[in-house]
Amino acid sequence: MKRTLLLGGMLAALAAAQIQAAPSPISTREGALTDPAGMTLYVFAKDQPGNGRSACNGACAALWPPLAATADDQPEGDLGLIARDDGSLQWSWRGKPLYRFAQDLAPGERKGDNFKQLWQVARP
């Protein structure tokens, strides 16, 4: 009986540890939002805040990869989730989808800032 209770308690503790929130998919670096690898995140002027959609799909998404989320991710505070046209999930900040720029090759680069006057560095 004690062995069963001990095993049950250990399994419950393990399950609780797995339920704990995952680390945030974004952080801040020199006034910009970044992904876990330190790559700059951007917002797109054609995205309407709060409508839950991305205006950047297909070829656009190849140059501006969305900050992907999983079905297990949970929104928190200013961080939200949107469903993309292909059914995948994407992180958003204050209602605007977040993207990387394919030409940013190293953490901290901001080559996409003000690209075609439609892309801006995402800021906290």
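Computed over heavy atoms, backbone and side chain alike; hydrogens, waters and symmetry mates excluded.
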Enquirer: Of the non-hydrogen atoms in Arg94 and Arg123, which two are nearest, and what is the gap between them?
Expert: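 Where Arg94 meets Arg123 most closely, the heavy atoms are NH1-O, 4.1 Å.
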Enquirer: Is there a side-chain contact between Arg110 and Glu30, using heavy atoms and a 4.5 Å cut-off?
Expert: yes
Enquirer: Tell me the salt bridge (Lys or Arg N to Asp or Glu O under 4.0 Å) pairs involving residues 44-57, sequence neighbours left out?
Expert: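 Every pair satisfying salt bridge (Lys or Arg N to Asp or Glu O under 4.0 Å) with a residue in residues 44-57: Arg53-Asp85.
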Enquirer: Compare every heavy atom of Ala62 with every heavy atom of Ala102, then report the nearest pair and how far apart it is.
Expert: CB-O, 3.9 Å
Enquirer: Using the side-chain contact (heavy atoms from CB on, under 4.5 Å) rule, take Phe101 and Leu63 through it: C-alpha gap first, then chi angles, then the decisive distance, then the call.
Expert: CA-CA 6 Å; Phe101 184 46; Leu63 187 57; 3.8 Å; yes
Enquirer: What verdict does the side-chain contact (heavy atoms from CB on, under 4.5 Å) test give for Thr40 and Arg100, after you've listed the backbone C-alpha separation in whole Å, the side-chain angles of each residue and the deciding distance to 0.1 Å?
Expert: CA-CA 6 Å; Thr40 302; Arg100 296 179 194 90; over 6 Å; no
Enquirer: Of all heavy-atom pairs between Gly38 and Arg29, which one has the smallest distance, and what is that distance?
Expert: O-NH1, 3.9 Å
Enquirer: Of all the heavy-atom pairs spanning Pro107 and Met39, show the shortest one and how long it is.
Expert: N-SD, 3.4 Å
Enquirer: Under the side-chain contact (heavy atoms from CB on, under 4.5 Å) rule, what do Leu89 and Asp73 come out as? Steps first, then yes or no, please.
Expert: CA-CA 9 Å; Leu89 294 175; Asp73 289 327; over 6 Å; no
Enquirer: Report the C-alpha separation of Leu81 and Gln90 in whole Å, then their side-chain angles, then the decisive distance to 0.1 Å, and conclude whether the side-chain contact (heavy atoms from CB on, under 4.5 Å) test is met.
Expert: CA-CA 6 Å; Leu81 298 172; Gln90 178 177 0; over 6 Å; no
Enquirer: Can you name the nearest heavy-atom pair linking Asp104 to Gly112, along with the distance?
Expert: OD1-N, 3.9 Å
Enquirer: Does CD in Glu109 sit with more than 12 non-hydrogen atoms of other residues, nucleotides or ligands closer than 6.0 Å?
Expert: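 Check passes, neighbour count above 12.
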Enquirer: Quick check for you: to the nearest 0.5 Å, what is the distance between Ser92 atom OG and Leu98 atom CG?
Expert: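 Going from the OG atom of Ser92 to the CG atom of Leu98 covers 6.5 Å.
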Enquirer: Closest heavy-atom contact between Thr28 and Pro124?
Expert: CG2-CG, 3.8 Å
Enquirer: So which pairs with a foot in residues 24-53 pass ring-ring contact (aromatic ring centres under 6.0 Å, His included), sequence neighbours left out?
Expert: Tyr42-Trp64, Phe44-Trp119
Enquirer: Between Asn57 and Asp86, is there a side-chain heavy-atom distance shorter than 4.5 Å?
Expert: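 Sidechains of Asn57 and Asp86: no contact.
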Enquirer: Give me each pair satisfying ring-ring contact (aromatic ring centres under 6.0 Å, His included) with a member in residues 78-98, each pair once, sequence neighbours excluded.
Expert: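 Listed once each, the pairs would be none.
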Enquirer: Between CG of Leu79 and CD1 of Ile26, what distance do you get to the nearest 0.5 Å?
Expert: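 CD1 of Ile26 is found 4.0 Å from CG of Leu79.
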Enquirer: Which of these, Ile82, Asn51, Val43, sits in a side-chain contact (heavy atoms from CB on, under 4.5 Å) with Pro97?
Expert: Ile82
